[in-house]
Amino acid sequence: MVICGIAVHCMDMLVRCAHHLCRRKQCPFLDYGDTVASALEGTPSPWLRAHAIWGRRIIDLLLIVTQLGFCCVYFVFLADNVKQVVEAAHATTSNCHSNETVVLKNTMDSRLYMVCFLPFLVLLVFIQNLKYLAVFSLLANIAMLVSVIMIYQYILRDIPNPSSLPYVTDWRSYTLFFGTAIFAAEGIGTILPLENKMQRPQQFRPVLYVGMLLVTVLYVSMGTLGYLRFGDTIMASITLSLPNCWLYQSVKLLYSFAIFITYALQFYVAAEIIIPAATSRVAERWTLFVNLTVRILLVCLTCILAILIPRLDIVISLVGSVSSSVLALIIPPFLEIATYYSEGISHWAIFKNILIGLVGFLGFVAGTSVSLWELASR
């Protein structure tokens, strides 16, 4: 709850800074990178003004790393869930009372499942207009909603006595949790485009806070109830802990379908940054070829990275610690200082922003190092 609260406050800071800089520059809209570059241009430091363009480049790089990191997570999620459904097919029954998932038939390695998904995801990202993905996105949202409702109704039944569960865990788990929580709460790269597309942008702040409150309630309740239901045997994804009956196997497939479609939406952000830069360097007749080639290479890159790190929990924590913490917790507080410094900013606001940035930096260092240590030790 604390991390979600800090994250939504940083999103709010980004929106306020973008509005202020839009008024200063008399322009209708600034994205995240433009906002950082414009803030640096208005600082009293000549060095920062001279290197303001690097603000945009750093934001673009972090957005690419974050969004492709999400895509890597989706590869691992798809492989793990589909693999479990296939392996448990012979043991799948209509009895949903057992809370154990028993695998009776071992099939191929999960990394081979990732390779199987590769050509289908390549075809999916060839759809370059988001309007064509709208119907599939709607179906994915419906599938995810049905899956979440089914998961809740299962984990709320027959919760065992929690007295045997430990109240706290070791320090390494806290650092991994930091990256996981930031991964879950961070959506700062889409905040300004969403606000710009609203019919009544002045109502964005209440929408942001209400939306993040609902998201936080869902995360906290499902995490807590899932742990109470399954205890220490709970898997990295709660879907993997569901029993072997057709009802909950269908939940895994529905959720996998939703994640499959959402891959294209996460990929779109990185593609919109990389592909124009690549196609601008070639003749017009080669534009389509370069466009499709870059898309294929990027999907293959996310597949290779997922194969190298086939641990869902580690991938999530690593992506959250490395890039999401910088985008969501480190840059926004210092952006506010840079935006308002020349016009006057209170000492309390400076102290608060430095404290948030310090929390983000410590989480970045600790979360990244422990994630890499966990990766190397397994």
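- One N or O on the side chain of Y219 and one on the backbone of A184 form a donor-acceptor pair closer than 3.5 Å.
- Taken to the nearest 0.5 Å, the CD1 atom of I191 stands 13.5 Å off from the CG atom of D31.
- Follow the hydrophobic side-chain contacts under 4.5 Å out from V269 and you never reach L61; the two are in separate clusters.
- Judged by distance alone, the side chains of K25 and H20 never bring a donor and an acceptor atom under 3.5 Å apart.
- Counting heavy atoms from C-beta on, the side chains of L139 and F257 come closer than 4.5 Å.
- Between M13 and N353, some side-chain heavy-atom pair lies under the 4.5 Å cut-off.
- Contact annotation: the side chain of L265 approaches that of S137 to within less than 4.5 Å [non-hydrogen atoms, C-beta and beyond].
- Expressed to the nearest 0.5 Å, how far OG1 of T293 lies from CD1 of I275 amounts to 10.0 Å.
- A cation-pi geometry, defined here as NZ or CZ lying under 6.0 Å from the six-membered ring centre and within 45° of its normal, holds between R229 and Y154.
- Nearest heavy atoms, I345 versus E336: CD1-O, 4.1 Å.
- For the residue pair D12 / Y209, a side-chain donor-acceptor distance below 3.5 Å is found, with atom types taken as modelled.
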Would you give me the side-chain donor-acceptor pairs under 3.5 Å for residues 312-319, sequence neighbours excluded?
from: D313; atom 1: OD1; to: R311; atom 2: NE; distance (Å): 3.0
from: D313; atom 1: OD1; to: R311; atom 2: NH2; distance (Å): 3.1
from: D313; atom 1: OD2; to: R311; atom 2: NH2; distance (Å): 2.7
from: S317; atom 1: OG; to: L176; atom 2: O; distance (Å): 3.0
from: S317; atom 1: OG; to: S371; atom 2: OG; distance (Å): 3.0

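- The same ILVMFWY cluster, assembled from side-chain heavy atoms under 4.5 Å apart, contains both V8 and L192.
- More than 12 non-hydrogen atoms from other residues, nucleotides or ligands lie less than 6.0 angstrom from OH of Y340.
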Given the rule in the side chain to side chain contact (heavy atoms under 4.5 Å, CB included) test, do V370 and W171 qualify, once you have shown the distances and angles that lead to the verdict? CA-CA 10 Å; V370 173; W171 68 270; 3.8 Å; yes
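- In plain terms, the two heavy atoms of S256 and L78 that are nearest each other are O-CD2, 3.1 Å.
- In F126, the CZ atom is crowded: over 12 heavy atoms of neighbouring residues, nucleotides or ligands sit closer than 6.0 Å.
- Summarising the local packing, CZ of F177 is surrounded by 12 or fewer heavy atoms from other residues, nucleotides or ligands at distances under 6.0 Å.
- Pairing each heavy atom of T66 with each of S324, the nearest pair is CG2-OG, 3.7 Å.
- Taking hydrophobic clusters as Ile, Leu, Val, Met, Phe, Trp and Tyr residues chained together by side-chain heavy-atom distances below 4.5 Å, I188 shares a cluster with V73.
- Inter-residue side-chain proximity for S325 and F178 is flagged as met; some heavy-atom pair is nearer than 4.5 Å.
- No donor-acceptor contact under 3.5 angstrom links the side chains of Q202 and H19, judged on distance only.
- Q128 and N291 are linked by a side-chain donor-acceptor pair at a separation below 3.5 angstrom, with hydrogens and angles left out of the test.
- Remark: side-chain polar atoms of T224 are not paired, donor with acceptor, to backbone N or O of S221 under 3.5 angstrom.
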Give the intermediate values and the outcome of side chain to side chain contact (heavy atoms under 4.5 Å, CB included) for residues Y32 and D60. CA-CA 9 Å; Y32 197 169; D60 285 347; over 6 Å; no
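- By the neighbour-count criterion of 12 heavy atoms within 6.0 Å, atom CZ of F136 is sparsely surrounded, having that number or fewer from other residues, nucleotides or ligands.
- S237 and Y255 form no side-chain donor-acceptor contact under 3.5 Å, judged by distance and modelled atom types alone.
- Checked against the 6.0 Å centroid criterion, the rings of F260 and F120 do not qualify as a close aromatic pair.
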List the steps, then state whether side chain to side chain contact (heavy atoms under 4.5 Å, CB included) holds for C72 with V76. CA-CA 7 Å; C72 294; V76 180; 5.8 Å; no
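- For F70 and F183, the ring centers sit closer than 6.0 Å to each other.
- Ionic pairing of R24 and E343 is present here: one or more N-O contacts between side-chain nitrogen and carboxylate oxygen are shorter than 4.0 angstrom.
- Cluster annotation: M222 and V2 are assigned to distinct hydrophobic clusters (Ile/Leu/Val/Met/Phe/Trp/Tyr, side-chain heavy-atom contacts under 4.5 Å, transitive).
- The aromatic rings of Y263 and F267 lie parallel to each other, with less than 30° between the two planes, well short of the 60° mark.
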Passes side chain to side chain contact (heavy atoms under 4.5 Å, CB included), E195 versus V15? Steps please. CA-CA 8 Å; E195 191 246 4; V15 172; 4.2 Å; yes
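- The nearest pair of heavy atoms linking L68 to T302 is O-CG2, 3.7 Å.
- Separation of atoms OG1 (T175) and CG (L362) is listed at 12.0 Å; rounding is to 0.5 Å.
- Neither side chain, D80 nor Y113, offers a donor N or O lying under 3.5 Å from an acceptor on the other.
- Across every non-hydrogen atom of R49 and L40, the tightest pair is CG-O, 3.6 Å.
- Note that CZ of R157 is 11.0 Å distant from CD1 of I159, once rounded to the nearest 0.5 Å.
- Linking ILVMFWY residues whenever their side-chain heavy atoms come closer than 4.5 Å, directly or via other members, places I151 and L218 in the same cluster.
- A donor-acceptor distance shorter than 3.5 angstrom exists from the side chain of S241 to the backbone of M235, with no hydrogens or angles considered.
- To the nearest 0.5 angstrom, C71 atom SG is 10.0 Å from L301 atom CG.
- A donor-acceptor distance shorter than 3.5 angstrom exists from the side chain of H51 to the backbone of W47, with no hydrogens or angles considered.
- Of all the heavy atoms in F117 and V82, the pair that sits closest is CZ-CG2, 3.5 Å.
- Rounded to the nearest 0.5 angstrom, T287 OG1 and R281 CZ are separated by 13.5 Å.
- Looking at L329 and C10, their side chains come closer than 4.5 Å, going by heavy atoms from C-beta outward.
- For the 3.5 Å distance criterion, the side chains of T239 and N81 qualify, holding a donor opposite an acceptor.
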